[in-house]
Amino acid sequence: MKDFIIPWDDDRDMGTRAATGAPVTLSIDGFEVTVPEGTSVMRAAALAGIAVPKLCATDSLEAFGSCRLCVVEIEGRRGTPASCTTPVGPGMVVRTQSEMVKSVRKGVMELYISDHPLDCLTCAANGDCELQDMAGVVGLRDVRYEAPEEGMRTHFATRDTAGGLNPEWLPKDDSNPYFTYDPAKCIVCSRCVRACEEVQGTFALTIEGRGFESRVSAGGVGDDFLTSDCVSCGACVQACPTATLQEKSVIELGTPTRSVITTCAYCGVGCSFKAELNGDELVRMVPYKHGAANRGHSCVKGRFAYGYATHSDRILNPMIRDTIEEPWREVSWDEAIGFAAAKMRGIQQRHGRKSVGVITSSRCTNEETYLVQKMARAVFLNNNTDTCARVCHSPTGYGLGQTFGTSAGTQNFDSVMQADVVVVIGANPTDGHPVFASRLKKRLRQGAKLIVIDPRRIDMVRPAHIEASHHLPLRPGTNVAVVSALANVIVTEKLYDEAFIRARCDWDEFQEYAEFVSDVRHSPEMTEILTGVPAEELRAAARLFATGGNGAIYYGLGVTEHSQGSTTVMGIANLAMLTGNIGREGVGVNPLRGQNNVQGACDMGSFPHELPGYRHVKGAEARAIFESAWGVEIDPEPGLRIPNMLDAAVSGSFKGLYCQGEDILQSDPDTRHVAAGLAAMECVIVHDLFLNETANYAHVFLPGSTFLEKDGTFTNAERRINRVRKVMAPRNGYADWEITQLLANAILKETGGAGWHYTHPAQIMEEIAATTPGFAHVDYALLEERGSVQWPCNDDAPDGSPIMHVDGFVRGKGRFMITEYVATEERTGPRFPLLLTTGRILSQYNVGAQTRRTDNTIWHAEDVLEIHPHDAEVRGITEGSWVKLASRSGETSLRAHLTDRVSPGVVYTTFHHPDTQANVITTDFSDWATNCPEYKVTAVQVGLSNGPTAWQEAYEAQAEHSRRILPAAE
Amino acid sequence: MSPDKLTRMANQIATFFRTQPGPDQAERVAGHLNDYWGPEMRAELKAHAEAHADELDDLVKRALPLI
Ligand code: SF4
Ligand code: SF4
Ligand code: SF4
Ligand code: FES
């Protein structure tokens, strides 16, 4: 398998964006070229292999036409037009190289270079600088400007000729942890400003002043990059042609010499990156312009926050211990695997087949996840496999399965560029799915409308230069009531798409649904008391969605993590079917998946009741496929889910757990219960990068490999299977799939089962394709050729499926489901009068194990509690005070932040830091269908406190005690 | 699993299916329990129901013989 040399298509900078018009033929330097109408002369030339010199143009941005380096001659036109801003015309005759344009270009370069330091050899961009390249291309040999008497005015000399300070010189801005801004090297091409606006949509940068005084400026007066609105996405750094905006890693490590295309391991957007290296030292990550999910953009996490891979906390040697009271002992891989295998085997012999289980990870690759569930089914011979996807998107699986017939988002990300009305419900895209948010903001700037349904005024409600048409700030826990009220308006005002419903759905079911939802109890006026959403606003939103053209719904954990999570998902599917917004570009129902491979983890059969490909274990046909592939008998009954495993552990029937890449102690609800369950087990095997919180209760620690150190695939929120490529050798010695295989084989040796013999993850994918219909045509060769593919990819859809349910629903007819609102049992009362809801922020990821070990902590050093000033005032709470947050389950302390982003009566926090232990507070209420925990609603009280609670201190002490490692015995 | 939790979860499922049209609500509750709950959980629920049937939603009671 050759993973290092990839025949990627062209990733030259073509200067301007691709156009899509009718073909136009012209002549460039005597060559005939045919390009779509609307293409610039510059791009047409580039397509013909002729690179016109340029500085202010780059193909991720609109042409700007400011540098005049790209001038050409066009027959019949006067002067020298800029090729980046001149569109092609039929029959045009272009000359890109003539005496006239050469002399203009030289003049332009001379002017630039006269105000640019000539320290190229020691410059961080040496070899990767467009200014340097262009000086070379135009053949600039000397700069003929004569200094005037009082000396040359420059931006780069620190002192003037008289030895005084040069007032034009500005110091470097080092405030951002990942890149620097060195004004001395700026050529004011404004590529950075335009990237921040057009690509990222943050508008943090401006050009201040005019002429010689022009400067790039982040934020307002007195701001630097860190204090400005900058979200550190790095788009400006990537766009900058000089060393003015430069990655600190390149300054420190030098320009990279090789690159590997791979996929971000953080969120469900699944951005493609070029990992750029020297030897096996990673220098920088650059979003890959042909990445189909991200189109050359990224966020701060994927681009910059990879330092955890080399953090000193990372564990590189296997460790074991007999009890969790003991310190860890570093041992060889052989010893650790032998120890773990003997323990698990012993437990099964003493306590039965079902006394052990596995937890797969939505952070690991498809191949790894497949192997871990195979471990449960083919090695332990039970269905005790579950995944942390349970705690986020299991209601998506159930809800969309019931209504549409399959558990996945219906669109690709590109589809949003065709949407006219976008509904964002219970998601916070600017923080959770930043690259998607940038696309969405771009579409909104083009005129699409936005409806936000969220208890909190998320950034999407009012980002720079756009504003949501409607924000419905509902009370946490009333999603179903709001969604039904929207449907009530659409049905009672007859705004539904009858033709679509008749053609694509079951008409009788629709009529039952219509009757149900038309009842006056679902009207906005009646639900207002419950939901807190003004009826008029809700009516207006419903009308806009039903009549505004292509309507697309995007939702997140604010929908699923409720006791009626599955019901809300069905309600959302109803809305899409009612309005005919399914089955084409620009519409659809799109779950925004939290972690990188939530989709894949679900696809790969991680759940205890489902084999890979969402086939219930009760189905004899599906079982037969795996029984013959694996040579074992598969249990037809569902196995234990995570909470059941923990309950069974407490009651003594569940004793051993293999947990790969998840930190259930931090991420699952009701921390105390999880801790009690783990403490009751005889053998907990944690397979992870760091001694995570769960490892405090582990007996075997198997060090994992990072996404940079292994091959595999991730499946993003648009069902896109992206390749993860081994960029460097695993520092821990093995890729994760190899470790699972070692453990499986050690157990199989004891039990006499047939061993596993995978030598590359490509073979695991072959097995997946052979057993799982939606993956039938997927293999590494196809991914190599196409870059990525969206499942289903099989005989029916050999090229994959960018959009689903195009000609009919997967289940046949779309099914309307009755969605009655049922209040959660978690209610406020005199003791707990406030509602807590939880979420995440841009710079941190999930439980923070990775991002907390990077410089991203500069943006979020601790979790804080957002509280409305009114609720704060009556409790005597001021900005930054320590407060105690208490619920029926427990209490914790953190600092308060006063803000009117949350409504009175609602408080909000994140769960990125283990010392906060937000999950000590959350209760064990859960979604009725899938038991996805109800993280988004907890009744709480908030009061002043003077520091961490006794529980936090005891927890910290236990954690510290249990993390001790003995030096390795020689 | 604690009997309270089992009872609560089973009742939640019944609450959903009660709202669904058709005469087969109990069958659908049973179907859901069979599909998503392991045999141990179902057995615990049945055992608990023997002495505490009054805590269970009527639909759950009707579903019990089918699980
Ligand atoms: S890093 Fe991103 S947000 Fe910050 S200034 Fe650059 S483009 Fe704008
Ligand atoms: S910082 Fe870079 S991209 Fe921005 S104006 Fe200066 S040279 Fe151009
Ligand atoms: S975290 Fe998400 S949005 Fe950011 S780079 Fe990674 S995949 Fe892209
Ligand atoms: S590249 Fe065309 S004007 Fe700058």
Check whether [X] gets within reach of chain A through its side chain, its backbone, both or neither, counting any heavy atom under 4.5 Å.
X	result
B/Tyr36	both
B/Asn34	backbone
B/Arg42	side chain
B/Thr15	side chain

Over 12 non-hydrogen atoms of neighbours within 6.0 angstrom of CD in A/Glu633: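 No, because the 6.0 Å sphere around CD of A/Glu633 holds 12 heavy atoms or fewer from other groups.
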Tell me whether A/Glu515 at atom CD has more than 12 heavy atoms from other residues, nucleotides or ligands lying less than 6.0 Å away.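 Atom CD in A/Glu515 is not crowded, with 12 or fewer foreign heavy atoms closer than 6.0 Å.
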Among B/Arg8, B/Arg18, B/Met41, who wins on heavy-atom pairs under 4.5 Å with chain A?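 The answer is B/Arg8.
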To the nearest 0.5 Å, what is the distance between [atom1] ([X]) and [atom2] ([Y])?
X	Y	atom1	atom2	value
A/Ser926	B/Lys5	OG	NZ	7.5 Å
A/Ser566	B/Gln12	OG	CD	10.0 Å
B/Trp37	A/Leu640	CH2	CG	13.0 Å
B/Met9	A/Phe925	CE	CZ	12.5 Å

Any non-hydrogen side-chain atom of A/Lys354 less than 4.5 Å from a side-chain atom of B/Glu40?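 SC-SC contact between A/Lys354 and B/Glu40 confirmed.
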Below 4.5 Å from any heavy atom of chain B, which atoms of A/Asn383 appear? Answer side chain, backbone, both or neither.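 When you check distances to chain B, no heavy atom of A/Asn383 falls under 4.5 Å.
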Pick one of side chain, backbone, both or neither for A/Met570, based on which atoms fall under 4.5 Å of a heavy atom in chain B.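 It is the side chain, since no backbone atom gets that close.
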Give me the atom names and distance for the closest heavy-atom approach of A/Ile818 to B/Gln20.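 It is O-NE2, 2.8 Å.
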If you compare all heavy atoms of A/Pro638 against all heavy atoms of B/Pro39, which two are closest, and at what distance to 0.1 Å?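 What the structure gives for the nearest pair is O-CD, 3.4 Å.
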Check: A/His616 side chain, B/Asp35 main-chain N or O, donor-acceptor pair, under 3.5 Å: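 Confirmed, A/His616 side chain pairs with B/Asp35 backbone.
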